Amino acid sequence: MKPPRITGVTITPVAVLDPPLLNASGVHQPYQLRAVIELHTDAGITGLGEAYGDDPTLANLRAAAPVLEGLSVFDLNGLTARTATALGAAAPGSPTDLIGAASREKTIAQTVGALEVAFYDAQGKATGLRVCDVLGGAVREAVPYSAYLFYRWARHPQGATGPDYPDDDFGEALDPAGIVAQAKRLVDVYGFGSLKLKGGVFAPEEEAEAIAALHEAFPGRPLRLDPNANWSVETSLRVTPRLEGLLEYLEDPTGGNPGMARVAAGTSLPLATNMCVTSFAEIPEAVRLGSVSIVLSDHHYWGGMRASQRLAGLCATFGWGLSMHSNTHLGISLAAMTHLAAALPELTYACDTHSVWQREDVVRPGALVWSEGSLAVPAGPGLGVELDREALARLHQQYLDCGIRSRDDVSAMRLADPSWERRKPRF
Ligand code: GKR
Ligand code: MG
């Protein structure tokens with residue numbers, strides 16, 4: 001087989017409706033941005049990828065795209081080398097404040113991570129194989145995900161949306177009863193076996209009460225709480241006794257490896273992270289300090305699927321568990337996450353996904369089917385998802401019209417509370 005060579009890359013930013021989900025920074029904006037990547041080849045095959053859709057990410061993708069021309073879709077080392085050269089000493093732009101200090105390495109990893117998915121999709125399409133098989137073979141045919149529970153409002157603050165904005169029908173969830181009701185709905189519809197609550201929103205004791213209520217409503221079901229580093233070390237150590245015995249893990253109670261290590265030393269709860277270990281360079285400090293025992297991988301910022309497999313190997317070496325992080329994403333990323341998780345023998349926990357909150361997508365329905373809280377690996381070839389051109393055009397137009405160009409949960413919150421400040425830890 002002659003390897004397909006890249007003839008061009010199309011990057012299309014889209015905006016999708018998003019509900020007012022509360023978190024440590026503030027509240028989700030009415031639209032979240034994503035970028036759809038189409039890798040065109042001389043074999044007529046198109047590889048699909050998906051990335052954040054904020055301005056810095058788009059600039060990095062657009063800088064890398066032209067230098068990929070002529071490259072084989074199997075040349076992943078070439079992808080990394082050419083992307084690094086194209087980005088040069090580029091200012092490190094990051095779409096999220098969740099992954100610690102920005103660095104050139106992280107920017108390269110995010111850019112490669114996005115493009116590499118399209119390379120793998122094209123490899124699968126060229127060989128007739130599923131991406132999970134290209135990655136070394138599926139060790140599971142169905143990938144378990146956890147229900148992603150959020151405190152939330154029923155609608156976005158006045159002024160955030162126009163009069164025609166379609167609110168969803170979840171209503172608000174601002175206390176333990178609201179969170180339990182939300183969990184029941186998600187478990188009924190999707191069959192999730194484990195539940196994760198996004199915390200860092202209300203006083204930690206209130207969030208511990210919500211966890212206790214979930215424990216009572218769903219006896220024996222694994223639970224997680226993620227305050228996104230919004231608790232000080234002292235607050236964390238005050239609250240952890242209430243959570244011990246209730247959680248399978250506590251995710252990022254506080255910020256940074258030294259702080260996490262102090263919390264880890266004072267609790268029996270396993271600590272997980274997608275904040276203080278987000279790149280290979282941060283692993284030695286975490287090992288030395290004993291700050292975490294579970295890492296949430298994310299191909300979007302660890303540098304792709306190959307890099308995620310490398311991370312999985314290191315987790316096994318250091319005796320860490322492995323879970324998977326999610327940010328708002330669409331079906332291309334969900335398919336990529338599912339293929340990757342299927343090919344990771346080291347995966348020890350159900351993965352996160354924001355999917356339940358997304359009502360719009362760029363892929364045709366039918367490829368990703370939920371059953372008992374799991375997704376069957378799409379049949380392929382490649383990722384096994386197909387672009388819905390009409391939806392892509394509509395969501396691109398929505399991007400042009402909505403005016404949002406970067407994620408800003410702080411400003412979104414200020415529409416409801418003008419005194420709101422960016423502050424961490426808040427508790
Ligand atoms: O969507 O509000 C959110 C989450 O807080 C997200 O931004 C985080 O990346 O899900 C995430 C996490 O686990 O930290
Ligand atoms: Mg997290």
Side-chain angles (χ1 to χ4, degrees), residues 16-34 51-54 57 94-100 106 110 113 145-153 156 170 173 179 182 194-202 207 223-231 236 247-256 260 263 269-278 282 291-302 321-330 333-334 337 349-358 404 406-413 420 422 424-426:
V16 292
L17 295 170
D18 203 34
L21 307 177
L22 299 166
N23 60 25
S25 305
V27 63
H28 280 211
Q29 293 155 291
Y31 300 93
Q32 291 288 337
L33 310 178
R34 301 296 288 171
Y52 305 101
D54 58 288
T57 300
S94 174
T96 167
D97 59 2
L98 287 168
I99 59 170
K106 287 183 184 177
Q110 284 174 11
Y145 285 87
S146 63
Y148 208 144
L149 311 175
F150 275 87
Y151 290 110
R152 56 162 292 164
W153 296 324
H156 289 280
F170 270 84
I179 290 297
Q182 188 185 97
S194 57
L195 310 169
K196 161 167 168 168
L197 175 61
K198 174 57 53 179
V201 176
F202 294 120
E207 296 187 351
L223 304 175
R224 311 159 185 183
L225 175 63
D226 178 10
N228 277 129
N230 220 8
W231 299 351
S236 304
L247 295 180
E248 66 172 338
Y249 60 68
L250 175 61
E251 196 173 314
D252 291 308
T254 201
M260 285 282 279
V263 178
L269 284 171
L271 299 191
T273 189
N274 61 270
M275 297 180 78
C276 65
V277 182
T278 61
E282 288 160 342
S291 54
V292 299
S293 41
I294 296 132
V295 174
L296 281 79
S297 70
D298 186 331
H299 72 267
H300 297 92
Y301 58 71
W302 274 92
L322 182 69
S323 188
M324 194 180 279
H325 167 257
S326 150
N327 234 312
T328 303
H329 61 83
L330 299 176
S333 277
L334 185 58
M337 290 155 70
Y349 294 94
C351 304
D352 287 351
T353 176
H354 280 58
S355 293
V356 298
W357 300 110
Q358 265 52 74
I404 295 172
S406 61
R407 181 171 172 180
D408 187 354
D409 297 9
V410 174
S411 301
M413 181 57 116
W420 185 259
R422 184 185 298 277
K424 241 180 210 174
R426 211 173 288 279

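None of these values were measured; they are calculated from a predicted model. Read the numbers this way: they start at 1 and go in the same order the structure lists the ligands and their atoms.
- Nearest-heavy-atom check against atom 14 (O) of ligand 1 across L21, N228, D18 picks out N228.
- Residues F150 and H354 place their aromatic rings such that the two centres sit under 6.0 Å apart.
- Ligand 1 lies nowhere less than 4.0 angstrom from a heavy atom belonging to M275.
- We find the CG-CG distance between L269 and L225 to be 9.5 Å, quoted to the nearest 0.5 Å.
- Side-chain contact check for V27 versus L21: every heavy-atom pair is 4.5 Å or farther apart.
- In summary, the atoms of ligand 1 found under 4.0 Å from a heavy atom of R407, numbered by their order in the structure, are 1 (O), 2 (O), 3 (C), 7 (O).
- Contact check for W357 versus R152: side-chain heavy atoms found under the 4.5 Å cut-off.
- At least one heavy atom of N327 sits less than 4.0 Å from an atom of ligand 1.
- Rounded to the nearest 10 degrees, the angle OE2 (E251) to the Mg ion (ligand 2) to OD1 (N274) equals 90°.
- With ligand atoms numbered from 1 in the order given, ligand 1 contributes 1 (O), 2 (O), 3 (C) to contacts under 4.0 Å with heavy atoms of F150.
- The distance from ligand 1 to the heavy atoms of N23 drops below 4.0 Å at these ligand atoms: 2 (O), 3 (C).
- By the 4.5 Å heavy-atom criterion applied to side chains, S146 and D352 are counted as neighbours.
- For D352, no nitrogen or oxygen atom sits less than 3.5 Å from a nitrogen or oxygen atom of ligand 1, counting backbone and side chain alike.
- Using a 4.0 Å cut-off between charged side-chain N and carboxylate O, D409 and R407 make a salt bridge.
- Applying the 4.0 Å criterion to heavy atoms of D226 picks out, from ligand 1, the atoms 12 (C), 13 (O), 14 (O).
- Note on D226: its N/O/S atom closest to the Mg ion (ligand 2) is OD2.
- Distances below 4.0 Å separate heavy atoms of H28 from the following atoms of ligand 1: 1 (O), 2 (O), 3 (C).
- At least one N/O-N/O distance between H354 and ligand 1 falls below 3.5 Å.
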